[in-house]
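Below is one structure, written out as structure tokens; comments come after it.
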Amino acid sequence: MGSVNGAEALKALYALQEKDLEIDRLRAEAESPPEELVALQGQVEALEERLTNLLERRAELEREYNRHSLDIEDLSAKEKQAEEEQKRAQSAREQTQYENRIQQIKDRIRELLELSTPIMEAMENLEAEIAQVEELAALRPRLQELLEANRARVAELEAAIAAKVEERTTMAAAIPAQILKEYEAIRRARRGTGVARMAAQGQVYRCEGCSVVLPTHVAQKVVRGQVVRCPSCGRLLWKGE
């Protein structure tokens with residue numbers, strides 16, 4: 001696979017790759033928020049989830065407590081009515097019937113009151129836990145501050161990336177289209193590097209991309225400035241300077 005001015009094209013391609021790697025680094029930096037922000041976000045999210053669960057549990061207990069309170073209120077009204085009716089009873093039998101009914105109502109009221117006590121205690125404990133989670137109020141301003149600082153950091157990096165991409169476009173325009181296309185395909189497959197230098201080590205040459213010793217005929221082609229690939233990793237090889 002030969003080409004006129006292959007050495008110059010590969011030299012330009014290697015410089016383009018350095019620009020691409022610089023752009024990759026800036027993009028990775030833009031996508032990686034500061035550790036303090038990540039840690040604080042995790043802490044706030046955990047506290048918010050805990051607070052949500054506590055508030056839901058409190059709402060459940062309040063509904064249950066209110067149901068008992070309404071039942072007690074209704075039973076108390078029935079008890080009072082039964083007592084009034086008992087006063088107007090005409091016979092001992094009716095008196096006994098009302099007395100039994102009133103006792104049943106009292107027993108049910110007492111049962112509901114006993115059921116309400118642990119609910120009240122649970123609600124009091126929840127209020128204490130909710131108060132502890134309210135440290136969220138102190139964490140949110142700091143989180144907002146870090147988020148704003150990160151947005152500014154990312155905006156600055158994106159501006160730098162845009163400038164680098166513009167430079168990269170100019171550099172790419174000077175490289176033969178076929179070699180550029182081949183490089184970009186290899187770079188995608190090899191996670192960032194599509195061209196590697198050939199390094200001399202004693203009597204042998206190695207590909208700096210994968211450290212494999214290159215066959216003599218491949219190394220000779222690279223020295224002559226021909227466009228060839230490493231037989232091991234498939235990267236384009238440049239003889240370097």
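- Side-chain contact between Val212 and Cys233: absent, with no pair of heavy atoms (C-beta onward) separated by less than 4.5 Å.
- A salt bridge between Arg57 and Glu60 is present, with a side-chain N of the basic residue lying under 4.0 Å from a carboxylate O of the acidic one.
- The hydrophobic clustering, which links ILVMFWY residues whose side-chain heavy atoms are closer than 4.5 Å, places Leu75 and Ile102 apart.
- No side-chain heavy atom of Ile179 sits under 4.5 Å from any side-chain heavy atom of Glu184.
- Think of Leu26 as one node in a network of Ile, Leu, Val, Met, Phe, Trp and Tyr side chains linked at under 4.5 Å; its network also takes in Ile23, Leu157, Ile161, Val165.
- Taking the side chain as every heavy atom from C-beta outward, Val228 and Leu236 never approach each other to under 4.5 Å.
- Under a 4.0 Å N-O distance rule, the pair Glu111/Arg108 qualifies as a salt bridge.
- Here the straight-line distance linking atom CG of Leu16 with atom CD of Glu18 works out to 10.0 Å at 0.5 Å rounding.
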I would like to know whether Lys164 and Glu167 meet side-chain contact (heavy atoms from CB on, under 4.5 Å); could you show each step before the answer? CA-CA 5 Å; Lys164 299 293 182 185; Glu167 294 171 6; 3.9 Å; yes
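- The distance from atom SG of Cys207 to atom CG of Leu237, rounded to the nearest 0.5 Å, is 5.0 Å.
- For the pair Gln17 and Tyr183, the tightest heavy-atom approach, listed with the atom from each and the gap, is CA-OH, 3.2 Å.
- One finds a salt bridge joining Arg58 and Glu127 here, because a Lys/Arg side-chain nitrogen approaches an Asp/Glu carboxylate oxygen to under 4.0 Å.
- The minimum heavy-atom distance linking Arg229 with Val218 is given by the pair O-CG1, 4.3 Å.
- Here Glu94 does not pair with Lys87 in a salt bridge; the nearest charged N to carboxylate O distance is not below 4.0 Å.
- Between the side chains of Gln95 and Glu99, no donor N or O sits under 3.5 Å from an acceptor N or O.
- Under the side-chain hydrogen bond (donor to acceptor under 3.5 Å, both in side chains) criterion, Glu29 pairs with Arg25, sequence neighbours left out.
- Clustering of Ile, Leu, Val, Met, Phe, Trp and Tyr by side-chain heavy atoms under 4.5 Å joins Val154 with none of the others.
- Atom-to-atom distance recorded for Glu35:CD and Leu40:CG is 13.5 Å, nearest 0.5 angstrom.
- No chain of hydrophobic side-chain contacts below 4.5 Å, direct or via other Ile, Leu, Val, Met, Phe, Trp or Tyr residues, connects Leu115 to Leu61.
- Under the 3.5 Å distance criterion, with hydrogens and angles disregarded, no donor-acceptor pair is assigned to the side chains of Gln104 and Asn100.
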Residue pair Asp107, Gln103: steps toward the side-chain hydrogen bond (donor to acceptor under 3.5 Å, both in side chains) verdict: CA-CA 6 Å; Asp107 290 343; Gln103 187 58 49; 2.9 Å; yes
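- A salt bridge links Asp24 with Arg187: at least one charged nitrogen is closer than 4.0 Å to a carboxylate oxygen.
- Within the structure, ring-ring contact (aromatic ring centres under 6.0 Å, His included) contacts touching residues 33-64 (residues at least two apart or in different chains) do not occur.
- For the salt bridge (charged side-chain N to carboxylate O under 4.0 Å, His left out) condition, the pairs that include at least one residue of residues 143-155, sequence neighbours left out, are Arg142-Glu145.
- Atoms CZ and CD, from Arg88 and Gln86 in turn, are 11.0 Å apart once rounded to the nearest 0.5 Å.
- The line from CG of Leu37 to CG of Leu143 is 6.5 Å long, rounded to the nearest 0.5 Å.
- Listed by chain and residue number, nothing satisfies the ring-ring contact (aromatic ring centres under 6.0 Å, His included) test with Tyr205 (two or more places apart in sequence, or in another chain).
- Looking at Leu147 and Gln41, their side chains come closer than 4.5 Å, going by heavy atoms from C-beta outward.
- For residues 231-241, the pairs satisfying salt bridge (charged side-chain N to carboxylate O under 4.0 Å, His left out) are Lys11-Glu241, with sequence neighbours left out.
- Here the closest non-hydrogen pair linking Pro141 and Ala137 is CD-O, 3.1 Å.
- Under the 4.5 Å side-chain criterion, counting only non-hydrogen atoms from C-beta, Leu51 is not in contact with Leu47.
- Salt-bridge check for Glu48 with Arg140: passed, with a basic side-chain N closer than 4.0 Å to an acidic carboxylate O.
- Counting heavy atoms of neighbouring residues, nucleotides and ligands inside a 6.0 Å radius, atom CD of Glu156 does not exceed 12 of them.
- For the pair Ser91/Arg93, a side-chain contact is recorded, criterion being any heavy-atom separation below 4.5 Å from C-beta on.
- Looking at every heavy atom in both residues, Leu13 comes nearest to Val195 through O-CG1, 4.1 Å.
- Closest non-hydrogen pair, Val38 versus Pro33, comes out as CG2-CG, 3.6 Å.
- Residue pairs meeting the ring-ring contact (aromatic ring centres under 6.0 Å, His included) criterion with at least one partner in residues 83-138, sequence neighbours excluded, do not occur; the list is empty.
- Within 6.0 Å of CD on Gln144 lie more than 12 heavy atoms contributed by other residues, nucleotides or ligands.
- The ring-ring contact (aromatic ring centres under 6.0 Å, His included) contacts involving residues 222-241 comprise Tyr14-Trp238, where partners must be two or more places apart or lie in separate chains.
- Residue Val204 is found in a hydrophobic cluster whose other members, listed by chain and number, are Val213; membership requires side-chain heavy atoms under 4.5 Å apart, directly or through intermediates.
- By the criterion of side-chain heavy atoms lying less than 4.5 angstrom apart, applied directly or through intervening Ile, Leu, Val, Met, Phe, Trp or Tyr residues, Ile130 is grouped together with Met120 in one hydrophobic cluster.
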Contacts table for residues 66-74: side-chain donor-acceptor under 3.5 angstrom, sequence neighbours left out:
residue	atom	partner	partner atom	Å
Asn66	ND2	Glu62	O	3.1
His68	ND1	Ser116	OG	3.4
Ser69	OG	Tyr65	O	3.0
Asp74	OD2	Lys78	NZ	3.3

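- Between the CD atom in Glu22 and the CZ atom in Arg168 there is a gap of 13.0 Å [rounded to 0.5 Å].
- Listed by first and then second residue, the salt bridge (charged side-chain N to carboxylate O under 4.0 Å, His left out) pairs that reach into residues 198-213 are Arg197-Glu208, sequence neighbours excluded.
- Ile109 and Leu112 fall within a single hydrophobic cluster, where Ile, Leu, Val, Met, Phe, Trp and Tyr are joined by side-chain heavy atoms under 4.5 Å apart, directly or via other members.
- Scanning all heavy atoms of the two residues, the minimum distance from Arg50 to Glu129 falls at NH2-OE1, 3.6 Å.
- Taking the side chain as every heavy atom from C-beta outward, Glu36 and Leu146 approach each other to under 4.5 Å.
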